[in-house]
Engineer: 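I am attaching a structure below and will ask some questions about it afterwards.
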Number of protein chains: 2
Amino acid sequence: MSLLENLNWRYATKKYDPTRKVAQEDVDKIVEAARLAPTSSGLQQFRVIVVSNQELKEKMVPIAWGQEIMAEASHVLVFAAWDRYTEERIDKIYDYTTDERGLPRGRFGSYTDKLKAAYLPQTAEENFVHTARQAYIAFGLAIAQAAELKVDCTPVEGFTTEELDELLDLKSKGLKSVTMLPIGYRDNEDWLAPMKKVRNPKEEFVIEY
Amino acid sequence: MSLLENLNWRYATKKYDPTRKVAQEDVDKIVEAARLAPTSSGLQQFRVIVVSNQELKEKMVPIAWGQEIMAEASHVLVFAAWDRYTEERIDKIYDYTTDERGLPRGRFGSYTDKLKAAYLPQTAEENFVHTARQAYIAFGLAIAQAAELKVDCTPVEGFTTEELDELLDLKSKGLKSVTMLPIGYRDNEDWLAPMKKVRNPKEEFVIEY
């Protein structure tokens, strides 16, 4: 099926069948789509945390303001972005990239100098506005990959980020949570499943010049 | 080809063949993938501006800090998000959704009341941090759709947003530009085309619980 068919198939699942688990092979593909996402300057300013532990998922229910899908879904993917830019983080990615491409380290030095001059004087909050945006590109691709595999998922922004960061020990990793994506298989009684998908009509959505 | 194969095929094109144009049918599919993107609370807080006019594309070069791809690419898609939340905007989407689903208007009134209570007291800047994030989900899906069609594209954040907003008259539409996506066909001499795609290795990218 094409991407458009897959996007029409998917919906934000509101009730999961807790007895059905997503195969590890499919979880890996969803994570891989996120890993392949483009990011600003190739910095890959985010990570994906895959939670399959039932106890942890149950602790996520109150953090996600009572949403039972956190516990019912097979896995919960958490997208977390760098809490700030640092010289070391920028250099590490670029050193790895030049090594992998068989280029001398520092080959992109004038470019990384520009990045450092732009980001390092900003506050951590300003940095995070930017790093978090990158995680959303990958979030979109993970949703598309789940749909291709006919795995249901639910994009979730409604949660208390500080509490989730604490639960998953993200601060020590230099990360802050951005979004969550429970994945699994829909329950047949999900009220939203039979509803028509509604989007802004094309003529309102697109402006042409 | 699968999404993962398409994501491995694509790269951030640095030089386009200016003689090759993307067929309207393919442009429509790329826009449609963006239109189908999930958004927070289904509010669809963004629009896509499709620029094919050569004069306008040339004016985008200095706005994008000298990047010639703006003029060389076949089309430039601009992702622009609501400059702020308003009661009218929230109601309009929900009225449309209930109408399309054959439900009484106000069916989700307690939910939209919560959204208004959360967003309306925020500053426009705080609102825009959130609306812009939604545009990135669609940005990711548009990139995936282009790759499926073997259309090249370049995710572009490097531009002066205020100047682009002015050029495209976005302020009067209640929008602010977020990202750009030139689309077209790579030039055979693009220096980046033969380079290895490099991403954080999976063991560093994923954290498992």
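We name chains A, B, ... by the order of the sequence lines, and we start the count at 1 in each one.
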Engineer: For Ala33(B) and Leu7(A), work out which heavy atoms get closest and say how close.
Structural biologist: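 Scanning both residues completely, I find the closest heavy atoms to be O-CD1, 3.8 Å.
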
Engineer: Nearest heavy-atom pair of Pro201(A) and Arg35(B): which atoms, and what distance?
Structural biologist: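 Heavy-atom minimum between the residues: CA-NH1, 3.9 Å.
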
Engineer: Is it the side chain or the backbone of Gln145(B) that comes within 4.5 Å of chain A heavy atoms, both, or neither?
Structural biologist: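 Contact with chain A: backbone and side chain both.
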
Engineer: If you measure from CD1 on Ile137(B) to OG1 on Thr179(A), what distance do you get to the nearest 0.5 Å?
Structural biologist: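 Between atom CD1 of Ile137(B) and atom OG1 of Thr179(A) there are 7.5 Å.
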
Engineer: More than 12 heavy atoms of other residues, nucleotides or ligands under 6.0 Å from CD of Gln54(A): yes or no?
Structural biologist: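 Atom CD in Gln54(A) is packed in, count exceeds 12.
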
Engineer: Please identify, among Val51(A), Asn8(A), Asn200(A), Asn6(A), the residue contributing the most non-hydrogen atom pairs under 4.5 Å to chain B.
Structural biologist: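 Going by pairs under 4.5 Å, I would pick Asn200(A).
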
Engineer: Taking atom CG of Asp169(A) and atom CD1 of Ile207(B), what is their separation to the nearest 0.5 Å?
Structural biologist: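 One gets 9.0 Å once the value is rounded to the nearest 0.5 Å.
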
Engineer: Relative to chain A, which of Arg10(B), Arg101(B), Glu100(B), Met1(B) shows the most heavy atom pairs under 4.5 Å?
Structural biologist: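 Highest number of heavy-atom pairs under 4.5 Å: Arg101(B).
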
Engineer: Check whether Ile143(B) gets within reach of chain A through its side chain, its backbone, both or neither, counting any heavy atom under 4.5 Å.
Structural biologist: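 Only the side chain of Ile143(B) comes within 4.5 Å of chain A.
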
Engineer: Examine whether an atom of Glu148(B) lies under 4.5 Å from a heavy atom of chain A, and if so say whether it belongs to the side chain, the backbone or both; otherwise answer neither.
Structural biologist: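 When you check distances to chain A, only side chain atoms of Glu148(B) fall under 4.5 Å.
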
Engineer: For the residue pair Arg199(A) and Ala37(B), what are the closest heavy atoms and their distance?
Structural biologist: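 Smallest interatomic distance, heavy atoms only, reads NE-O, 3.3 Å.
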
Engineer: Chain B: which of Thr39(A), Asp28(A), Leu77(A) shares the most heavy-atom pairs with it under 4.5 Å?
Structural biologist: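 Option with the top pair count is Asp28(A).
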
Engineer: Which region of Ala135(B), side chain (C-beta onward) or backbone (N, CA, C, O), has a non-hydrogen atom less than 4.5 Å from a non-hydrogen atom of chain A, or is it both or neither?
Structural biologist: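 Contact with chain A is absent: no heavy atom of Ala135(B) under 4.5 Å.
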
Engineer: Measuring from atom CG of Leu3(B) to atom CG of Leu3(A), what distance do you get when rounded to the nearest 0.5 angstrom?
Structural biologist: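 It is 7.0 Å, given to the nearest 0.5 Å.
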
Engineer: Between Arg133(B) and Val178(A), what is the shortest heavy-atom contact and its length?
Structural biologist: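 The answer is NH1-CG1, 4.0 Å.
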
Engineer: In terms of the angle between their ring planes, are Phe46(A) and Phe205(B) parallel, tilted or perpendicular, with boundaries placed at 30° and 60°?
Structural biologist: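 Geometry flag for Phe205(B) against Phe46(A): perpendicular rings.
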
Engineer: Please determine whether the number of non-hydrogen atoms from other residues, nucleotides or ligands lying under 6.0 Å from atom CD of Glu166(B) exceeds 12.
Structural biologist: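 Open.
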
Engineer: For Ala34(A), is it the side chain, the backbone, both or neither that has a heavy atom under 4.5 Å from a heavy atom of chain B?
Structural biologist: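 Ala34(A) touches chain B through backbone and side-chain heavy atoms alike.
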
Engineer: How far apart are the closest heavy atoms of Leu141(B) and Gly140(A), and which atoms are they?
Structural biologist: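 Scanning both residues completely, I find the closest heavy atoms to be CD2-O, 3.3 Å.
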
Engineer: Specify which of Asn53(B), Thr97(B), Leu103(B) makes the most heavy-atom pairs with chain A at under 4.5 Å.
Structural biologist: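 That would be Thr97(B).
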
Engineer: Should Gln134(A) and Glu157(B) count as side-chain neighbours, where that means a heavy-atom distance under 4.5 Å?
Structural biologist: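 In contact.
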
Engineer: Chain A heavy atoms under 4.5 Å from Val129(B): which part of the residue, side chain, backbone, both or neither?
Structural biologist: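 Only the side chain of Val129(B) comes within 4.5 Å of chain A.
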
Engineer: Can you confirm whether Thr98(B) sits close enough to Val198(A) that some side-chain heavy atom of one is under 4.5 Å from a side-chain heavy atom of the other?
Structural biologist: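 Result no, sub-4.5 Å side-chain heavy-atom pair not found.
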
Engineer: Measure distances from Leu56(B) to the heavy atoms of chain A and classify the residue's part below 4.5 Å as side chain, backbone, both or neither.
Structural biologist: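 Side chain only.
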
Engineer: Tell me, for Lys29(B) versus chain A, whether the close heavy atoms (under 4.5 Å) come from the side chain, the backbone, both or neither.
Structural biologist: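 Lys29(B) touches chain A through backbone and side-chain heavy atoms alike.
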
Engineer: Does any part of the side chain of Glu204(A), heavy atoms only, come nearer than 4.5 Å to the side chain of Gln44(B), both counted from C-beta?
Structural biologist: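 Not touching, per the 4.5 Å side-chain cut-off.
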
Engineer: So which part of Leu175(B) gets closer than 4.5 Å to some heavy atom of chain A, the side chain, the backbone, both or neither?
Structural biologist: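 Just the side chain, heavy atoms under 4.5 Å.
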
Engineer: Looking at Lys202(B), Lys173(B), Lys57(B), Glu32(B), which has the largest count of heavy-atom pairs under 4.5 Å with chain A?
Structural biologist: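 Sorted descending by pairs with chain A, the first entry is Lys202(B).
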
Engineer: Which heavy atom in Tyr209(B) sits nearest to a heavy atom in Leu168(A), and how many Å separate them?
Structural biologist: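 Closest approach of Tyr209(B) to Leu168(A): OH-O, 2.7 Å.
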
Engineer: Counting only heavy atoms not in Glu126(A) (residues, nucleotides, ligands), do more than 12 fall under 6.0 Å from its CD?
Structural biologist: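 Yes - once you tally the heavy atoms of other residues, nucleotides and ligands closer than 6.0 Å, there are more than 12.
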
Engineer: Kindly check if the number of other-residue, nucleotide or ligand heavy atoms within 6.0 Å of NZ (Lys150(A)) is above 12?
Structural biologist: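 Counting other residues, nucleotides and ligands, NZ of Lys150(A) exceeds 12 neighbours.
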
Engineer: Within a 6.0 Å radius of atom CD on Glu25(A), are there more than 12 heavy atoms belonging to other residues, nucleotides or ligands?
Structural biologist: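 No, CD of Glu25(A) has 12 or fewer neighbouring heavy atoms, counting only those of other groups under 6.0 Å.
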
Engineer: Output the option from Ser52(A), Ala12(A), Gly42(A) having the highest count of non-hydrogen pairs under 4.5 Å with chain B.
Structural biologist: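 The residue among Ser52(A), Ala12(A), Gly42(A) with the greatest pair count is Ser52(A).
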
Engineer: Using non-hydrogen atoms and a 4.5 Å limit, figure out which bit of Pro155(B) sits close to chain A: side chain, backbone, both or neither.
Structural biologist: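 The answer is the side chain of Pro155(B).
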
Engineer: So for Ser2(B), is it side chain, backbone, both, or neither that comes closer than 4.5 Å to the heavy atoms of chain A?
Structural biologist: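 It is both, since atoms from each part get that close.
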
Engineer: Which bit of His75(B) is near chain A, if near means a heavy-atom gap under 4.5 Å: side chain, backbone, both or neither?
Structural biologist: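 For His75(B), there is no contact with chain A at all, as no heavy atom is under 4.5 Å.
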
